[in-house]
Undergrad: 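Below you'll find the structure I mean.
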Protein chains: 2
Amino acid sequence: MSKVLSEDNNDPELSARDKIVERRKAILAAIHEAAIEEFATRGVEGTSTQSIARRAGLTKPQLHYYIASKEDLYEDILVQILEEWRELFIDATTGEGPGEIIRAYIRKKLEFSRSKPKASRVFTNEIARGAPVLGKHWAPHVDATRSGVALIQSWVDEGKIRPIDPLLFHMHMWAVTQHYADFDAQVRRMMGIEEGQEIDFDRVEKEVTSLFLRSCGLE
Amino acid sequence: MSKVLSEDNNDPELSARDKIVERRKAILAAIHEAAIEEFATRGVEGTSTQSIARRAGLTKPQLHYYIASKEDLYEDILVQILEEWRELFIDATTGEGPGEIIRAYIRKKLEFSRSKPKASRVFTNEIARGAPVLGKHWAPHVDATRSGVALIQSWVDEGKIRPIDPLLFHMHMWAVTQHYADFDAQVRRMMGIEEGQEIDFDRVEKEVTSLFLRSCGLE
DNA sequence: AATTAGTTTGACCAATTGATCAGATCGTTT
DNA sequence: AAACGATCTGATCAATTGGTCAAACTAATT
């Protein structure tokens, strides 16, 4: 700490120290990306550090220079995914009505499934295992979801939407949107989509939104 | 074949040969059960034959006496799961109306998630991997689902239900019901259910049914 | 030119992996 | 009692696992 402060006085555009830090960041990002890819398809225990290293363009000892252990890396990635889901919660701070909030939630969650399906699958895998690693970390996530459920409940109490079970309603939105990440292969097969072609997420978003809005009497 | 026929003439209650066959069946069933448990939580590649053997109460060489290889066992189990899902399809042979058929599908699928969550998860895992093994086997399954979709489409055409996207409607029913198997840990956490306690599947069935019936104007 | 911190490398480790095999053991039939 | 097929066992295999280590290398600082 003191070293950094004492030596970083001169600042010609980008110091050598900064370059090193930046490089480290880039390599760590590559490791995370490679690991997510592997974890998503092979699971934690089925993934070898070897394969992570290879995918990230590193050797195995090189990988271990940047990470402590496979389990450590896995935990980091899980926390990172939860972090990215921060913005994904239902809240009333925007001042919008139930319809718009539900629409926005479905849109954002579907966008995550579309753009980061692998990360979604790592999460699914962890839950399916009984969430042994996530256990210590997802309390805030659960709390945030709970407050979303409370918001939905308040809509029911105020007669803004039909009387539905708010917890199940929320979970079902989560389930359907998550489906498009976890069951990508099944969705493609059912839709008859060729390799390389894109799933029509506009169609999906329209239908999913309609499903949930109608069920609570908003459409 | 000829041996069996020639020697099986005398039949005192249960012949020795039958006993052997029965024993084999029982052991194979134990192996399948143990393997499903392991595959569901650790994935195929993360599961060791050792752990399967141990859980089934066998030694490793003993296990290999009954199965050819781990991949072989895995494929058998996947096919077996598809087999059990045979009865799970939407069809009009009962002569019932859309409402009853949808209700019955959700009930049956939820019952499967409740009673065999592990098997469900093995399936999910395979799909998340891109269905490399299932690929050769699930054509009938896909066809059956497609005919279910066609049935739903016919309801729309005949004006029996609201104009929904039949394929997505079907997939969403699948997604929500599957959720209760794959995300058991998450569901329990959100519902605040203690270890050992049961999830209230009546409440779930009621809400899921209502969700889909309302969305197609049947409730 | 020497020092330094950061990084990379090849060799190496004990443990486990999926799988095999010859020989031992078992209960049954002849 | 001999022979039989079915089953089980301990030893063993090459390959891979997650991870370590000292030594070498690199580039910037002194």
Side-chain angles (χ1 to χ4, degrees), chain A residues 1-28 30-31 34-35 38-39 42-76 133, chain B residues 1-28 30-31 34-35 38-39 42-76 133:
Chain A
M1 192 66 116
S2 58
K3 269 190 215 168
V4 173
L5 286 174
S6 62
E7 291 178 16
D8 244 20
N9 286 341
N10 46 355
D11 188 46
E13 306 228 354
L14 223 144
S15 75
R17 192 150 227 110
D18 285 344
K19 263 190 186 170
I20 289 175
V21 170
E22 204 137 329
R23 203 182 114 86
R24 246 194 119 82
K25 268 191 196 170
I27 292 182
L28 265 170
I31 291 175
E38 293 291 318
F39 287 153
R42 288 171 164 74
V44 207
E45 312 191 69
T47 298
S48 67
T49 54
Q50 184 72 261
S51 66
I52 296 173
R54 194 186 309 123
R55 194 182 278 273
L58 305 171
T59 63
K60 200 166 41 145
Q62 211 175 343
L63 175 71
H64 274 92
Y65 177 73
Y66 290 98
I67 66 161
S69 71
K70 190 174 72 164
E71 295 297 327
D72 224 66
L73 173 60
Y74 176 63
E75 190 166 345
D76 280 354
V133 176
Chain B
M1 194 64 117
S2 58
K3 267 190 217 171
V4 173
L5 286 173
S6 62
E7 292 179 17
D8 246 20
N9 287 341
N10 48 353
D11 188 46
E13 306 228 354
L14 222 146
S15 76
R17 191 150 229 107
D18 284 345
K19 263 190 187 170
I20 288 176
V21 171
E22 204 136 329
R23 203 183 114 87
R24 245 193 119 82
K25 267 192 196 169
I27 291 182
L28 265 169
I31 291 175
E38 293 290 317
F39 288 155
R42 288 170 163 74
V44 208
E45 313 188 69
T47 297
S48 67
T49 53
Q50 185 73 260
S51 67
I52 296 174
R54 195 185 308 123
R55 194 182 277 272
L58 306 170
T59 64
K60 204 166 39 148
Q62 212 176 344
L63 174 71
H64 273 92
Y65 178 72
Y66 290 97
I67 67 161
S69 71
K70 189 174 72 164
E71 294 297 326
D72 225 65
L73 172 60
Y74 176 64
E75 190 166 346
D76 280 355
V133 176

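Note on naming: letters A, B, ... go to the chains in the order of the sequence lines (proteins, then strands), and numbering restarts at 1 for each one.
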Undergrad: Working note: A:Ile67 + A:Leu73, criterion side-chain contact (heavy atoms from CB on, under 4.5 Å); need CA distance, chi angles, decisive distance, verdict.
TA: CA-CA 6 Å; A:Ile67 66 161; A:Leu73 173 60; 4.0 Å; yes

Undergrad: With side-chain contact (heavy atoms from CB on, under 4.5 Å) as the test, would you mind laying out the steps for A:Arg42 and B:Val44 before giving the verdict?
TA: CA-CA 8 Å; A:Arg42 288 171 164 74; B:Val44 208; over 6 Å; no

Undergrad: For B:Arg24 and D:dT7, what is the distance between atoms CZ and C1' respectively, to the nearest whole Å?
TA: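 Going from B:Arg24 (CZ) to D:dT7 (C1'), I get 9 Å.
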
Undergrad: Take atom CZ of A:Arg54 and atom P of D:dG18, then tell me their distance rounded to the nearest Å.
TA: 11 Å

Undergrad: Take atom CZ in A:Arg55; do more than 12 heavy atoms of anything else shown fall under 6.0 Å from it?
TA: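 Yes - once you tally the heavy atoms of other residues, nucleotides and ligands closer than 6.0 Å, there are more than 12.
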
Undergrad: If you compare every side-chain N and O of A:Tyr65 against the phosphate oxygens of C:dT7 (OP1, OP2), does one of them come in below 4.0 Å?
TA: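 So the side-chain polar atoms of A:Tyr65 do come within 4.0 Å of the phosphate oxygens OP1 or OP2 of C:dT7, strictly under.
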
Undergrad: Output yes when at least one side-chain N/O atom of A:Gln62 is less than 4.0 Å from OP1 or OP2 of C:dT9, else no.
TA: yes

Undergrad: Please name the residue in the list A:Arg23, A:Lys25, A:Arg24 that meets the side-chain contact (heavy atoms from CB on, under 4.5 Å) test with A:Ile27.
TA: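 Only match with A:Ile27 under side-chain contact (heavy atoms from CB on, under 4.5 Å): A:Arg23.
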
Undergrad: Say you draw a straight line from OG of B:Ser48 to CZ of B:Arg54; how long is it, rounded to the nearest 0.5 Å?
TA: 6.5 Å

Undergrad: Output the distance between atom NZ (B:Lys70) and atom OH (B:Tyr74), rounded to the nearest 0.5 Å.
TA: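 Rounded to the nearest 0.5 Å, the NZ-OH separation comes out at 10.5 Å.
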
Undergrad: Could you tell me how far apart A:Leu73 (CG) and D:dG18 (P) are, to the nearest whole angstrom?
TA: 12 Å

Undergrad: Is there a side-chain contact between A:Arg23 and the phosphate of D:dT26, meaning an N or O under 4.0 Å from OP1 or OP2?
TA: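 False: A:Arg23 side-chain N/O out of range (4.0 Å or more) of D:dT26 OP1/OP2.
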
Undergrad: Which letter, B, S or -, goes with each nucleotide of nucleotides 10-21 of chain C from 5' to 3', with contact meaning a protein heavy atom under 4.0 Å?
TA: BB-----SBBBB

Undergrad: Tell me the interatomic distance from B:Ile20, atom CD1, to D:dC4, atom P, rounded to whole angstroms.
TA: 16 Å

Undergrad: Please give, in whole Å, the distance from D:dT7 P to B:Leu63 CG?
TA: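 Result: 14 Å.
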
Undergrad: Within this structure, what is the CG-to-P distance between A:Leu58 and C:dG6, rounded to whole angstrom?
TA: 19 Å

